[in-house]
Amino acid sequence: MNAQPIRVAVADDQALVRTGFRLILESEGIEVVAEAEDGEQAVSAVRRTRPDVVLMDIRMPGLDGLEATRRILAAPSEQPPRIIMLTTFDLDHYVYAAMAAGASGFLLKDVTPEHLAGAVRLVRTGDALLAPAITRRLVERFARPDAPTAAAPHRELGTLTPRELEVMGLLARGLSNAELAARLQLSEATVKTHVARILGKLGLRDRAQVVVAAYETGLVSVGSVPELP
């Protein structure tokens, strides 16, 4: 029996963008269950259709994508959707704020069809869409150790084991589970277990938030993360 298709909602104030994304996703066997042209419609559509993934434009009239993301992820849900932010620029403080709020990553609007479909499939598995180079620049530019989001996770860092702290530090580089497994000589299943424990102990919902917390708590300091070999 075939697996159920991934269900996606697309929120963007430009009809052409929504139509283009719908055509691309549906050609890849991904079902678009809702479209929205502003944040209010996006929140309503998510409540109504319960998609697996939301493609959310940051800048929309009325309620913007950042506030819509906060409302969606704050709503009680056994399985909240994964949210990918859409932006025209790869360095945008709104994207960083969205990651802190729980978005699973971001895409530029000129993304290729292959990358778009791949990104949706990636975040659906529970991974985060964090290109190492862009993520590092983004977080180093906007992370603040005294940010309000740092307080709660910081108090709990002492509950992490040395291995979990190591994994969290490497997550700050944007490594995928497969890359973490290779670097630490562990199985991917073991890596997933470590990540799950980090999320649980720090009260975070997504590995993107782990990356943000690693900087804002001072576990990784701005400018201290070298390029990966």
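In this chain, residues are counted from 1 in sequence order. What you see is a predicted model, and the numbers here were worked out from it, not measured in a lab.
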Problem set entry | Intermediate values then yes/no, side-chain contact (heavy atoms from CB on, under 4.5 Å), D57 and K109 | CA-CA 9 Å; D57 187 18; K109 285 192 179 182; 3.2 Å; yes
For this session: Check each of D110, T112, V111 against L108 using the side chain to side chain contact (heavy atoms under 4.5 Å, CB included) test, and report the only one that passes.
Result: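 The single option meeting the side chain to side chain contact (heavy atoms under 4.5 Å, CB included) with L108 is D110.
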Drop me the distance from [X]'s [atom1] to [Y]'s [atom2], to the nearest 0.5 angstrom.
{"X": "L122", "Y": "I84", "atom1": "CG", "atom2": "CD1", "value": "8.0 Å"}
{"X": "L73", "Y": "R82", "atom1": "CG", "atom2": "CZ", "value": "9.5 Å"}
{"X": "D52", "Y": "I6", "atom1": "CG", "atom2": "CD1", "value": "7.0 Å"}
{"X": "L66", "Y": "M85", "atom1": "CG", "atom2": "CE", "value": "6.0 Å"}
{"X": "H194", "Y": "M168", "atom1": "NE2", "atom2": "CE", "value": "14.5 Å"}
{"X": "L171", "Y": "E179", "atom1": "CG", "atom2": "CD", "value": "10.5 Å"}

Would you call [X] and [Y] a side-chain contact if the rule is heavy atoms closer than 4.5 Å?
{"X": "L186", "Y": "R163", "result": "yes"}
{"X": "L55", "Y": "L116", "result": "yes"}
{"X": "L63", "Y": "D38", "result": "no"}
{"X": "E164", "Y": "T159", "result": "no"}
{"X": "F21", "Y": "L86", "result": "yes"}
{"X": "L202", "Y": "V210", "result": "no"}
{"X": "L160", "Y": "K201", "result": "yes"}
{"X": "R7", "Y": "R124", "result": "no"}

At their closest point, which heavy atom of [X] faces which heavy atom of [Y], and how far apart are they?
{"X": "E28", "Y": "R121", "answer": "O-NH2, 2.8 Å"}
{"X": "V167", "Y": "L184", "answer": "CG2-CD1, 3.7 Å"}
{"X": "R71", "Y": "V43", "answer": "CB-CG2, 4.2 Å"}
{"X": "V33", "Y": "P51", "answer": "CG2-CB, 4.0 Å"}
{"X": "I72", "Y": "A42", "answer": "CD1-O, 4.3 Å"}
{"X": "A68", "Y": "M56", "answer": "CB-CE, 3.8 Å"}

For this session: Given side-chain contact (heavy atoms from CB on, under 4.5 Å), test E67 with M60 step by step and report yes or no.
Result: CA-CA 10 Å; E67 182 58 30; M60 293 183 289; over 6 Å; no
Problem set entry | Under 3.5 Å: donor-acceptor pair, side chain of T69, backbone of G65 |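 Yes, T69 side chain to G65 backbone: donor-acceptor pair under 3.5 Å.
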Problem set entry | Main-chain N/O of I24 paired with S27 side-chain donor or acceptor, under 3.5 Å |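 Present.
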Problem set entry | side-chain contact (heavy atoms from CB on, under 4.5 Å) evaluation trace for Q4 with E31 | CA-CA 10 Å; Q4 291 294 319; E31 182 181 1; over 6 Å; no
For this session: Decide if atom CZ of R50 counts as having more than 12 heavy atoms of other residues, nucleotides or ligands within a radius under 6.0 Å.
Result: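 It does not: R50 CZ has 12 such atoms or fewer within range.
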Problem set entry | Cationic N near anionic O, under 4.0 Å, K192 to E188 |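 Here K192 does not pair with E188 in a salt bridge, since their nearest N and O are not under 4.0 Å apart.
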Exercise. Do L157 and L170 share a hydrophobic cluster (ILVMFWY, side-chain heavy atoms under 4.5 Å, transitive)?
Worked result: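 Yes: a chain of side-chain contacts under 4.5 Å links L157 to L170.
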